[in-house]
Asker: 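After the structure tokens below, expect a handful of questions from me.
As a basis for the values below, the full set of heavy atoms in this structure was taken, side chains included, without hydrogen atoms, waters or symmetry mates.
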Amino acid sequence: MIDKYGQPLFRIPVDLELGCPNRDKGSSGCTFCPEDGARAQQIKGIDNIELQVKKAISVAKKRYKAKKFIAYFQTYSNTFSDTEIRKNLYNKVLSVCDFTAVSIGTRPDLLPTKELDFLQELMADHELWVELGVQTIHNKTLNKINRKHLWQDSLDAIHRLKDRGIKVAVHVILGLPEETPKEILQTADTLASLELDGIKLHNLHIIKNTALEQEFLDGKINVMDEYQYAELVIQFLRRLPSTLPVIRLQTDTAEEDLIAPKWSLNKGQFENLITSKMKYEQVTQGDLFDKKKDLKTTNAFKITTTNDDSATFWSEEFKEHFHAKIGAYAEAINKFIIPAEIGEKLRNNEDVKILDICFGLGYNTLASIEQAISNKKGKVLVDALEIDKRVVWESSQNVDYSFLPKIDWNTELLNIYQTGQASSEFYLINIYWGDARQTITSLDRKYDVVFLDAFSTQRNSELWTKDFIHKIKNVINDSGVILSYCSALPVRSAFMAEGFYIGNTPA
């Protein structure tokens, strides 16, 4: 819209109170749909159409400094009821403001030829979009949610609209009852093959006074938290064409009407979560669809040589080096390996189970492996947590580890990046990609040693909280030790509150 009109267009939601055939036929409607047809927050309680438009425009101007607008006929089904009645209602809305575009939300089974003729008339004066509630390609799910139409109806509607030159955006709900992730991604693959103009993704909300509310309360339905949903959204996006506009990533429901899920992230934070995860995982919208993109040559980090001649990276995002300038490898040895007594444990022919939180360039794990190779006794079993795949890739390609001749660490880093694992008679490394606050909950062993090597408390505060320390406590042996460079008072207090003993290692 910015490219076409010089500035963004802001949606002005309107409720024409046209209802829905799915309700008028004696049905309670779709099982997820609230009584008000999901009316927008800014026009709740306003029945007069002109007042709805004026109120929504006022909100958009005040909040976003908006200047150009889309009339968005949103609530219920806006190609339902007599065509002449709707013409008058549409004209009433369009007379309030000089709208640049019109977007009409409706069902795929409400587009007869007469309706398509009317929509083409609208195109003479406005850019026209039709938003279709497709929800899923699976008929068993459509029946389950009482949708009263089939996927073939959606497919036919898309083709008939496109044949008339009308732009089509589809609505999809991720997480519908009894639908598996595989089935959800099949919907992505199918929609990707169509020449759509936009797509809206919604997570399933359980809303008061809907049929789904009782199913949820009876324990028949699960809903996704923000992290589970983010993973699914990313996989969905990767299957769509990179050029397809994604209009929405999640659902909005008023707090007083929402039963579940209750997320801790607001809309902006969730969008940041999605974009950060995609950046860290080196994926983009369309990379699985286009099958051409190679994101591995990112050069996301600046290499710095530390005082012991080992290399570290500078993180522009966190505004910190990964290691102290006194020496990246020296820091691993002196702050983590020696205080953890890795060598002593191995000399006793013990296997040492290590959890390496914030794997990064891998020095802490590498130094542990060096101990095992030198002692030729015992084995180090490392589970590593890392959010950013780029750092492991760039370490494998750009960092010189030849000062440690006992192991080809560049090759092993590449193995870890490509397969998630590296092994020999002296070590076994498994890496878990993602936010450590989530990946730590999937671990099923108890560790003798934990390396907690996140960025500083000022930059990476989420990994220094009492909550995260409690998660570490759940996966550490009673005699286990946690090693960290951090001695901040709040962090020490959190460890003590979780029942840990605190000791000093050499500065």
Side-chain angles (χ1 to χ4, degrees), residues 227 264-265 269 272-273 276 280 306 312-342 352-365 367-368 382-388 391 431-443 445-507:
Y227 301 101
S264 61
L265 302 182
Q269 290 169 328
N272 289 337
L273 172 66
S276 294
Y280 294 149
T306 62
T312 190
F313 288 156
W314 167 261
S315 170
E316 188 61 34
E317 180 177 359
F318 288 94
K319 306 297 183 186
E320 288 183 354
H321 285 97
F322 280 70
H323 303 90
K325 289 186 177 180
I326 195 170
Y329 188 70
E331 182 180 13
I333 292 292
N334 292 292
K335 294 304 295 183
F336 293 94
I337 306 309
I338 292 175
E341 299 179 339
I342 301 290
V352 183
K353 295 182 285 295
I354 299 172
L355 176 61
D356 189 352
I357 300 173
C358 298
F359 179 80
L361 286 78
Y363 280 117
N364 296 334
T365 290
S368 301
V382 180
D383 286 340
L385 308 184
E386 178 54 56
I387 196 171
D388 195 343
V391 66
I431 197 162
Y432 296 82
W433 303 110
D435 190 320
R437 291 171 294 176
Q438 278 70 57
T439 53
I440 196 171
T441 62
S442 66
L443 303 175
R445 73 168 77 178
K446 297 282 188 178
Y447 299 94
D448 307 306
V449 175
V450 176
F451 301 142
L452 179 52
D453 199 11
F455 286 108
S456 71
T457 55
Q458 298 95 323
R459 305 291 187 181
N460 202 179
S461 57
E462 60 269 26
L463 296 188
W464 300 102
T465 63
K466 183 175 181 295
D467 178 65
F468 186 65
I469 290 167
H470 179 75
K471 291 178 179 179
I472 299 175
K473 182 180 179 181
N474 289 336
V475 298
I476 193 169
N477 288 325
D478 289 342
S479 59
V481 293
I482 300 177
L483 282 304
S484 175
Y485 66 87
C486 178
S487 60
L489 179 58
V491 175
R492 283 184 281 144
S493 298
F495 274 113
M496 292 171 70
E498 286 295 326
F500 286 94
Y501 294 93
I502 307 298
N504 290 325
T505 59

Asker: If you define the side chain from C-beta out and look only at heavy atoms, does anything of L463 sit under 4.5 Å from R437?
Answerer: yes
Asker: Side chains of V475 and V450: does their closest heavy-atom pair fall under 4.5 Å?
Answerer: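 In short, these two side chains do not touch, never coming nearer than 4.5 Å.
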Asker: Could you tell me if the side chain of Y485 sits less than 4.5 Å from the side chain of S456, heavy atoms only?
Answerer: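 A side-chain contact exists here, since the closest heavy-atom pair is under 4.5 Å.
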Asker: Assess the pair Y501 and F495: is the distance between their ring centroids shorter than 6.0 Å?
Answerer: no
Asker: In Å and rounded to the nearest 0.5 Å, what is the OG1 to CD distance from T312 to E331?
Answerer: 8.0 Å
Asker: Determine, stepwise, if the pair L483 / K335 fulfils side chain to side chain contact (heavy atoms under 4.5 Å, CB included).
Answerer: CA-CA 7 Å; L483 282 304; K335 294 304 295 183; over 6 Å; no
Asker: For the residue pair I482 and I469, establish whether any side-chain heavy-atom pair is separated by less than 4.5 Å.
Answerer: no
Asker: Given side chain to side chain contact (heavy atoms under 4.5 Å, CB included), test F451 with L385 step by step and report yes or no.
Answerer: CA-CA 10 Å; F451 301 142; L385 308 184; over 6 Å; no
Asker: Looking at I502, I want to see if its CD1 is surrounded by more than 12 non-hydrogen atoms of other residues, nucleotides or ligands under 6.0 Å.
Answerer: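 For I502, atom CD1 is crowded (more than 12 foreign heavy atoms under 6.0 Å).
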Asker: Should V391 and L361 count as side-chain neighbours, where that means a heavy-atom distance under 4.5 Å?
Answerer: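 With C-beta onward as the side chain, the pair touches.
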Asker: Test I357 against F468 for side chain to side chain contact (heavy atoms under 4.5 Å, CB included), laying out the working first.
Answerer: CA-CA 11 Å; I357 300 173; F468 186 65; 4.1 Å; yes
Asker: For a ring-ring contact (aromatic ring centres under 6.0 Å, His included) with F322, tell me which candidate from F359, Y363, F455, Y329 qualifies.
Answerer: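 So the option named by the test is F455.
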Asker: Just how far is it from atom CG of D435 to atom CD1 of I440, taken to the nearest 0.5 Å?
Answerer: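 These two atoms lie 10.5 Å from each other.
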Asker: Distance only, no hydrogens: is a donor on one side chain within 3.5 Å (strictly under) of an acceptor on the other, for E317 and S315?
Answerer: no
Asker: For a 4.5 angstrom cut-off between non-hydrogen side-chain atoms, does D467 reach K471?
Answerer: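 Answer yes - side chains close enough.
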Asker: Just to verify, which of T505, T365, N364 counts as forming a side chain to side chain contact (heavy atoms under 4.5 Å, CB included) with F336?
Answerer: N364
Asker: Side chains of K353 and K446: closer than 4.5 Å at any heavy-atom pair?
Answerer: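 The answer is no, as the side chains (C-beta and beyond) never meet within the 4.5 Å cut-off.
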